[in-house]
Structure formats: structure tokens, C-alpha cells
Amino acid sequence: MVIAPLDRKLLRDLWRLRGQALAIALIVASGVSVLVMSLSAMQALSDSSAAYYERYRFGDVFASLKRAPLRLREELEALDGVQFADLRVVQYAILDMETVRAPVMGRLVSLPRSGDPVLNGVVLRSGRLPDPLRPFEVVVGEPFAEAHGLGPGDRFAALLNGRRQMLEVAGVGLSPEFVYAIGPGALMPDATHYGIIWIGRDALAAAYGLEGAFNDVSLALRPGHPASAVLPALDELLASYGGIGAYGREDQPSHWFLSNEIEQLRTLATILPAIFLGVAAFLTNMVLARLVFIERSEIGLLKAFGYSRGSVIRHYAKLVLVLSCIGLLIGWATGFWLGHWMTGVYGQLFRFPELIFAPHPNVYLLSALVSVGTSLIGVLGAARYAGGLPPAEAMRPPAPPVFRHSRWTPARLVAWLDQPTRIIFRQVLRKPMRSLFTSLGLAASVALLVISLQWMDALDYMLEQFFVDQQRQDATIGFVEAKPLRVVQEAGRLPGVLAVEPVRVVAARFEAGHRSRREALIGMPADAGLTVLRDRDDRRVRVPEAGILMSDMLADVLGVGVGDQVRIQVLEGRRRVLELPVAAVFRTSIGMSAYMNLDELNRVLGEAHTTSMLQLAVDPDHIESLLARLKQLGAIGSVTLKSAATDMFDQTIGETMLVMVFFYLAFACTMAFGMVYNNMRIALSERGRELATLRVLGFTPAEVSYMLFGEAALLILIALPLGCLGGLGLALLMAASFETELFRVPVAISAATYGWAVLIALGAAVPSILLVQRRLSRLDMIGVLKTRE
Amino acid sequence: MPKPAVLCGRALTRVYQTGTVTIQALRGVDVELFQGELVVLVGASGSGKSTLLNILGGLDRPTSGEVLFQGRPLGATEAEITRFRRDHVGFVFQFYNLIASLTAEENVALVTEIARDPLTPAAALELVGLGDRLRAFPSELSGGEQQRVAIARAIAKQPDILLCDEPTGALDSATGVRVLKALEQVNRELGTTTALITHNRSIESMADRVLRFADGRIESVIENATRVAPEALQW
């Protein structure tokens, strides 16, 4: 194969520029790998869930109620848009697992007498469905089975409506309904303390007195019928059976978390690659502009020989193409690997029978298009300049760079500077755009460092604010049904209990103007000490005598503030409608709750003094005996330990985050290094002659280095505060786009994070300084001075 | 009584090795530059005159032999040689090598700031006839003016030796004469020992001595009885 001379030149140019080219290629690679990683992980999640939902008939609409007769099926299926209904019994129960000291919460879901459920099918991972003749055979959720080492034939105890009952595992399964199996009140899946148990409907119904009845319904809708059209009719139908408000698939907790994650990946796929590829485009432009400048006479020669404008442009465009393709290939490989890893991490949180990681070709195609496209845009100016150079002019040496006295530099300031420092300032000011973009590029890498490191701050802040300051209880007990307030005294006598506070939680729909939101309304005693709420100025706010205390997230959703009237439709019991003012707003990063005075809540609900939950402060020395005692109490539906929740958070999120932070750090360092290295190599190339002159004039190597590196130092100095500010901006932007109805990612960047970001960026600049310093020390004084540039 | 030698080279050789090619640029040169004299070095391209000047000025090192400044060896370390250039030598090249980002005055100040007993930049520029161009940047000066700034920069520190490698090589004759006048004036008024390389034989007559180079050696030394003023030179 014969390589055209121009292509040979291209390959040699690339080899000569290898350091700079590699630095740029790595920045392109960083952008591409973030893009490929997020898109491929996103695709794995969305493709796997779509296939899973369809194959195992994930419901479209869900509703819980107190009790309704099975014959209601006809009416349900007669609702406009409903294809069929699946009626179930669903209950929470305490499980006594030998492997765990705390009581474990189980969500018991009924299975039909024979065959698979009509909706929300169970995927058997091992074993079989329960034998209809053996009422206490169950299928357990796979994550739960893994956490407790359960398999077919194993047995464990459950408190079914207060009665201890041994259950036998017939099979292990999964369901599209519980891809993200999160327990009530939990922040993330915790298979050790929460599990899904499928059990024959007869046994479950008998245990809870629901023979011939159901308390949970899923609907499949006819194609083209949105859930929103069915919900009001369904609510109306279920109202007299204690329905607490139906919701569509998008509000189904498992699906909601899954689609939120997919959304966040989409954000990730947009913001970060844009930054990397933008910086790469700028660097390409800078390097190519210098190359074209150095090669002016060669370009002139080529044109004099008859090469066309187009072939000159093509030549330089090809150079960039090769460069970005190297970056693209590296990015594809790292992105594939990272995407695979990330999908694996998701596989632990989101449970699919099969989480297929098979990125579509379009992921690669898109990343190629975006990265090569931006590089070519970056090269446009320089290549067009090269193509446009008239041959004669190109072969003449360039005119000396023009400097003028600037009106903007005050004479007194200039007089105060020594000549080397003046050189530095004038260099920076002569090409203000280049200096600006270099500083901005560096600032971008500092910003990336800030944003990668600040997740830890955000998490710490969120956990501190929520678990330490706001939620001061050690354990929360939930009852199957509301209990009279005297249980507070009874609970106070349990071992190790230091304080008990009752809480009443009711499902409600909050409405203000045309906005509405289904959320929990929590009744809390006025003197509650285990839940501490603070307003936006960090002042403690207590539950008012009248009116409601609303979380800022809910207030934002409803568009209301202190003093505004809110309509609250209680979705339980007598379904009262309340008109209450917002008495105060408290700030929170987790959850969207609203509080009101417990006595007042009970009064307006027209119910006696009752509570549905107890919050306990527990002496840590007696926690074991308390947990052992709780395992035996029948009326309890759930026990949540704060320590379990925080441990889970630390374990799962902490680990994953460390790995991600590591990669982002690597990407950001690549960018800082590439930016500084290219900038200084170009400065050295442009000013080699000047620096050699200075050496001849008797300046020491250190003094000459000052003039070269001083420019980089000045640009870095400008970049550091800009980068910190940019990091804050990015953090705000990402927090806003990551905000969900459950979490508001706080922006609480610590001073140490800024400090680390700055130090790491400076550290990444050091190798480029050393590399350039080595070249500087080899500067050929005589050679440079005796030739014309 | 002969004037003392300011700078002297003893048995200087210089061999360049480029790839497989060996070039013997100097083949044992002995040379002395005396206090206050103006020496012109002439010879064909590659005859060794620039190599000698570079070695004498501490820009290059001899393969063998030694350079003595005021009777003492130049020193072996990079720091000592840099110190020597900084304190005692001024250079002027064919290409002016001014710092584009500094004005004429600032280009000179670059040197005076690090010199022991310098002229003021204004005085140095006045000496080369550029007293009115202090605030001009190189891009605003003609070739001759730029070369005179380079000379002012070289002499402002009042060096003991001024080494000029084809200072008029890139200039037309009228401009060249102005530059030579400046050099001659500095030599005369400040008593700076000056060595000047040229291809232009008519310049020889303004020198005290002419060293003729051929094939890496000094072929002959001619002493002029009188120096011709630069204005009288013709080429």
C-alpha cells in the first residue's frame, strides 16, 4: 500500500505532537466514556425493565383499601379503560429471622389458588410455586433469600396478625412490582430488614380475616387509556371500601425509583460529556492553530506545487480526525467497561431476572458523532486559515507579533512591575481569548473536581441533617391498625425504652389551586422531642396548635408559603376534607411530609386518641433485649431501626460513590493535565526564541522558567476561584436536575472540598510543568538565535 | 606598551557530531581580545568564526582548550557561565531577537535590571540614536531601529566585551552604516572591547585588527594603522 506523502506527513506530525495529541485524545476519551457509560447503563435499565414489565404483566394502576368483597371485580373491570383486575390481599408482618437480631418486616402478597397471578407475575428463580394444599408454603423475594441464605425447604417464623406461624420456602422469586424493593419509610432497599413474601391467598386472607375479600388491587388498562383517566372513577368506587387513593404506574414506588435513576443517567450523559468535549475542541483548535502557524511555509510550498485549498483543509482535518478517533476508541473501551460495572452496581439495587448489558450500536454512533463533530468544529478556524493562505504570503516569514500600549493597563501599575513580569502580563493580554479559554478550561477541571468531591459532602450533610438532627428516634414501630394512645405507656415499659412519642400517619391529598399532591399527613404531639424540624433559617419550628407544618419540598410543589390555605383530603376513614393554613415551613432533603398537631388531627378525623406509629429513643445497652421482645409482639406491622438505615446508606451508596468519585477525579485530572501541558507546550513553541534570547542575555534557567511558567501560573490563579465558583454552579445545576420527590440533594460544599479540588488540580499541573521544564532546559540557544523564525 | 588581553582563547577546538557526520569547526585556535579594541572576524561560511565567538561568549563550550577572562578560566558550571554572560558580555545577532512584548526601553531595562552598573535604558538608547523611540514596541520599529535597540540592550550593562555576529547582515547599506556607527561610538566612548563577524569586506577597514578565518583556523591577522569611520564605508 502506498501512503500519500501528505498522509505520511500527517503521521509524522502526529508522532511529533504525540504528547499533546495524547493529552487531547484522553480528554475526548473521558467525555466519550462518561457518555457511553451513562447511555449504556441507562439503556440496560430501560430495556430490561420494558421487557420485564411486558413479559410479567406489570400493572398499570394500583390501589390499597381496607376491605372489599371479591365480587367487586365485575364493577372494577367495568370501569372505562380497564382490561382486567387482579385482586389481592397484601399485609405487612413481622418476620423472626434467626440471622438478624432486629425484627424483619415482610410484605406478604397473596398468590391465586392456582397458577400465576393475572398481573405482576412472579419469576421463579428456584423452587416452585406453593402447593395449594400446603397453606404455609411461600415464595420469598430473591434479595431477601440471598440476605438470609434461604432456599427451598428452609423455614422461618412470621407473626401473622399476632399469631406466630412457621412458613416454609417453596421457591425464590422476583416480580416487576418489586424491582426496587423498598420498605415503608426506608430510603433504599435493605434486603436484610425487608422482604417480599408470596403466600397462598386462602392462608393470608384467613390470618387477617379477609376471607372472600381483598385489600389491594392492580389493574391492567386497555391500550390508549391513560391511568389518569381511570384514577378518579376507581377512587370513587373504592371510597366506601376504605380506599386510600389509587395511583398509576409512574407513582408506583419501584417504578418511580427506576425511572428516576434513568432520568439521572440522562442528565449525566448530557452535562459532563459536553464539558469534556468542549474543552477538547478548544485544545484541538489551539494546537492546530500553532501547527498551521509553524507550517506556514510548508503550506505555501504545497499550494505553490498546486495542492488545492480543499486538500490543505482536508489534511489538517484528517489530523484532528485521527486524534479524536484515538480518543473515541479509548473512550468506547473505558465507557463500555464503566457501563458494565455500573450496570452491575444497579443490578444490586434494582433486581431484574436478567439485567441485560448490551449497548446498542447507536450509543457508539452517537458518541462518535458528538466527539468527532465537536473536534472538527474546534479545528474549523485553523484549517480554514491554512486553506486560505496565499502561497507567496505563506512562504514569507510572519510579521513580528503586534503589541500596543493598552489603555486598560494603568501606567503606574506597569512601572511597578519588573520586565519579566511585564512579559508575562503582556503575553496573557495579547491573546485574551486564548488566555480566557485556557483559564476556563482549567476552571472546568477544577469545577469537575469540586463536583466529584462534593457528593460526599452532600451525603454527609443529608444524613447528618436527616438522621442526626431531624429524626432523633432510634426505632420506629408501625401498627397494623391505629391503636389507642395508651400504647404509649405500654411501650414505655418495654426494655431499654427511654422515651416514646406517638405519631399518626394518614394518606391525604394536598391541594392548592390547580396543584395537588398525594402525601402523608403526620400527626405529632406539640411537645415532640424525637422529631426536630427547622425552618430555612435553621430555627427550630414546632407543630402549631392549628394549621400545618409543611416541608419545603411539598410547599414548593404546591406553590404555597406560610399563611396560604391548603385543602387536604384525607384518604382514609371518613375521608374528611380539611381547609388549613400553612403555619410554618420546615426544610428537609428527604421526603415531602406535612405535620400537624396529633390531638387536632384526631379531632378533625373524628376519631378517638389513636396512633399508628411509635417513635422510640432506646438505651443502646438494652437494644438487643428490646428487639427480642418486639419480635414477639403481635400487633406490630413494622419495626424500623435508624442504625440499619444509616448503615445501609453508608454501605451501598458510600462504596459506589467512592468508585465513581475515583473515576471523575481521574477524568478531571486528565483534563487539568491536558490543559496545562498543551498551553505550555504551545507557549514554549511560540516563545522558544525569546527564552533563548533571555538565556543569552544572562538570565538563569530559573529566571527564564519564571517567564514561561509565570504565564501558566497566572492563568491557573485566575482559574482556581473561577473553578470553585463553577463547581458550585454545577453542583446547583446537578442538584436541581437530580432532585426527586423523595430526595433533594443538598448543596453543602465544605471548605475542605474546595481545598482538595484546588490541590488536586495543582497536582495535575505539576507533571506538565516538569515535562515542559525538561524541554526548556534543552533549549538550543545558538540554533534558535541564528535562524529566522 | 600593549594593552592587556581582556579575553583569550587557548588551543580551542570544537567538534560537532551530527549523526554519522563529524564536523571539525575549530582546529586549535589561539586568540586574544585586547582592552578597548575593535576586532573584525571575516571568512567564508563554516570557517569557524561564529563558533569561536560563541565559545568566547560562553554560549558554547570548546571540545578542548580553554577560555580565560581577565586571566582566569571561565568556569565549568552552567551557573558560572551564565554569571559571566550576565555580568561581562553583550551580544548582537543578525536577527534582532527583541522581546516582542516589551517596548524599546523595556527591552533594554530587561538587562539593566539584572546588571551591576548599567546605563539607564534611556541613555543606552540615546547612545544609538533612538532617544525618541523609547515607548515603541518592536513591531513598530524598522529593521535598523530594531538592531540598534538590540545594540543598546547589549551595551546598557556596560559589558567588558561586545560580541556581534553579522549585525548588519539583514540590513541595507544606509541602515547598516547607522548600526556600525552606533557600534563604533560605543567602542570609542565606553571603551568596550568589540568583536564583530561580517561577510562584508569593506567593514574590515573600521577595525583595529582583522582576523581572517579559513577551515577552522585563523589564517592571518591584519592590523590597521588607522580606523576608517563608518560613514566613510562603501558597499
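Letters A, B, ... are given to chains in the order of the sequence lines, protein chains preceding strands, and every chain is numbered from 1. Only a predicted model underlies this, so the values are computations on that prediction, with no experimental measurement involved. All values below come from the heavy atoms of this structure, side chains included, with hydrogens, waters and symmetry mates left out.
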So which heavy atom on [X] is nearest to which on [Y], and how close?
X	Y	answer
A:Phe699	B:Arg86	CA-NH1, 4.3 Å
B:Ala100	A:Glu690	N-OE1, 4.1 Å
A:Gly698	B:Thr82	O-CG2, 3.4 Å
A:Arg689	B:Asn97	NE-OD1, 3.1 Å

> So which part of B:Glu166 gets closer than 4.5 Å to some heavy atom of chain A, the side chain, the backbone, both or neither?
Replying inline: neither

From [X] [atom1] over to [Y] [atom2], what is the distance, rounded to the nearest 0.5 angstrom?
X	Y	atom1	atom2	result
B:Ile99	A:Arg426	CD1	CZ	12.0 Å
A:Leu697	B:Ile114	CG	CD1	7.0 Å
B:Leu59	A:Arg695	CG	CZ	9.5 Å

Report, by ascending residue number, the residues of [range] in heavy-atom contact with chain A at a distance under 4.5 Å; give 'none' if the set is empty.
range	value
residues 118-136 of chain B	B:Arg135
residues 101-109 of chain B	B:Ser101, B:Leu102, B:Thr103, B:Glu106, B:Ala109
residues 147-159 of chain B	B:Arg153, B:Lys157

If you count the non-hydrogen atoms of other residues, nucleotides and ligands that lie under 6.0 Å from [atom1] in [X], is the total more than 12?
X	atom1	value
A:Arg422	CZ	yes
A:Phe437	CZ	no
B:Arg201	CZ	no
B:Arg27	CZ	yes
A:Arg384	CZ	no

>> Restricting to side-chain contact (heavy atoms from CB on, under 4.5 Å), what partner residues turn up for B:Val15, sequence neighbours left out?
In response: B:Thr22, B:Gln24, B:Thr63

>> Can a donor-acceptor pair be found, under 3.5 Å and without considering hydrogens, that links the side chain of A:Gln419 to the backbone of B:Glu113?
In response: no

